[in-house]
Amino acid sequence: MLHVVATPIGNLGDLTPRAQEALKGASLIACEDTRRTWQLLSHFGVPRPEMISYRQGNEERVSRVVVDAVNAGREVVLVSDGGYPAISDPGYRLVRLCAQENVPFDVLPGASAVNVALVLSGLPTSSFTFKGFPPRGPGALRNWFAEEKDLPHTLIGYESPFRIGPTLQAAYEVLGDREAAVCIELTKVHERVARGYLSDLAAQFKDAKVKGEVAFVIAGANPKFARIV
C-alpha cells in the first residue's frame, strides 16, 4: 500500500504516532528532499529505508516507479518537506495515478499550514478557498485576486517572504480594505501573526525583512469585514 503522510511544518512534535509507524514500516519512501526527510527519520530513530526523490519535474516518471513498487507488494510512504503531500507540494499526480489504477493508498492526517493559518487568523472558518502560491507577474497577480473579489469565502494562500509586501498591496488594490492576517513561521519558535486591514498590513510589510515561510488569510466579500471609510 501507499501511505500519504503529512509531516511537521515546523515543530517536530507534530508528527503523529501513526505517521511514525508508517515511516518505520516503509521499505521505500518517496520524498522531495532525501536529506531533509533523513533528518526527520533520524530524529525519531527510524532506520533509513530505500529513498527516492519525488519532486516537481520528475513526478510523472517517479509516480510510475512508486505504483510499480506498491503492486510488487512493498509498503511505500509519500512525504513532502512539510505538511500534506499534494497540497502546494508534489503528490497529486501519484495519488491520481493510484486512484485510476485501483492501487491501494491511504492518507494519514497531520500538520497543515492551511488549517493552522485559517484558525489563527480569527477570520470566518465556515467556508474558505485555498489557492496555494499566487503568480509572480503584477498583472497575473491582480487577476488572481480579481477572481475572488465577489466571493464570500475566506481566502488562504502561501507566499515567499520576499514578495509578501507587494502581494498584500495587490490584494488591497483589487479587493479593497478587508480584514486579513499574515502568518509567519507557523508552529516554530518564532511564530507570529499580524492581523489587521489590508492597507495597514501592506504598509507594515512593504519594506519588512521577513524570514521564514508565510501564509496569508483574507476575509471574503462581506461588509462586516471591510473597513468603513
Single-linkage hydrophobic cluster, 4.5 Å side-chain cutoff, [X] and [Y] together:
{"X": "Ile184", "Y": "Leu201", "answer": "yes"}
{"X": "Val119", "Y": "Tyr84", "answer": "no"}
{"X": "Met1", "Y": "Val103", "answer": "no"}
{"X": "Val95", "Y": "Leu97", "answer": "yes"}
{"X": "Leu78", "Y": "Ile87", "answer": "yes"}

Phe130 and Tyr158 aromatic centres sub-6.0 Å: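 Centroid distance Phe130-Tyr158: below 6.0 Å, so yes.
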Side-chain contact, heavy-atom cut-off 4.5 Å: [X] with [Y]?
{"X": "Asp81", "Y": "Asp89", "answer": "no"}
{"X": "Leu23", "Y": "Val79", "answer": "yes"}
{"X": "Pro135", "Y": "Asn143", "answer": "no"}
{"X": "Arg178", "Y": "Tyr197", "answer": "no"}
{"X": "Val189", "Y": "Asn11", "answer": "no"}
{"X": "Gln20", "Y": "Leu15", "answer": "yes"}
{"X": "Leu155", "Y": "Phe145", "answer": "yes"}
{"X": "Val214", "Y": "Phe205", "answer": "no"}

Got a salt bridge between Glu101 and Arg64, using NZ or NE/NH1/NH2 to carboxylate O under 4.0 Å?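 Yes, Glu101 and Arg64 are salt-bridged.
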Check whether [X] reaches the backbone of [Y] with its side chain - one donor and one acceptor, N or O, closer than 3.5 Å.
{"X": "Tyr54", "Y": "Leu94", "result": "yes"}
{"X": "Glu21", "Y": "Pro17", "result": "no"}
{"X": "Arg93", "Y": "Val62", "result": "no"}

Whether the Arg55 and Ser53 side chains hold a donor-acceptor pair (N or O, under 3.5 Å, no angle test) is what I'd like checked.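 A donor-acceptor contact under 3.5 Å links the two side chains.
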Start with the C-alpha gap between Ser112 and Ile9, add the side-chain angles, then the distance that decides, and say whether side-chain contact (heavy atoms from CB on, under 4.5 Å) holds. CA-CA 7 Å; Ser112 169; Ile9 59 176; 6.0 Å; no
In this structure, which one of Glu50, Glu75, Arg74 forms a side chain to side chain donor-acceptor pair (under 3.5 Å) with Ser27?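 Only one option passes, and that is Arg74.
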Would you say that more than 12 heavy atoms from the other residues, nucleotides or ligands in this model lie under 6.0 Å from the CZ of Phe133, or not?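 Enclosed.
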Mind telling me whether Phe216 and Trp144 have parallel, tilted or perpendicular rings, with 30° and 60° as the class edges?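 Ring orientation, 0 to 90° scale: perpendicular.
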Working note: Trp38 + Arg35, criterion side-chain contact (heavy atoms from CB on, under 4.5 Å); need CA distance, chi angles, decisive distance, verdict. CA-CA 5 Å; Trp38 175 231; Arg35 293 167 300 180; 5.7 Å; no
Enumerate donor-acceptor pairs with a distance under 3.5 Å from any side-chain N or O in residues 121-129 to protein atoms, sequence neighbours excluded.
| from | atom 1 | to | atom 2 | distance (Å) |
| --- | --- | --- | --- | --- |
| Ser121 | OG | Leu118 | O | 2.7 |
| Ser121 | OG | Leu123 | N | 3.1 |
| Ser127 | OG | His153 | ND1 | 3.0 |

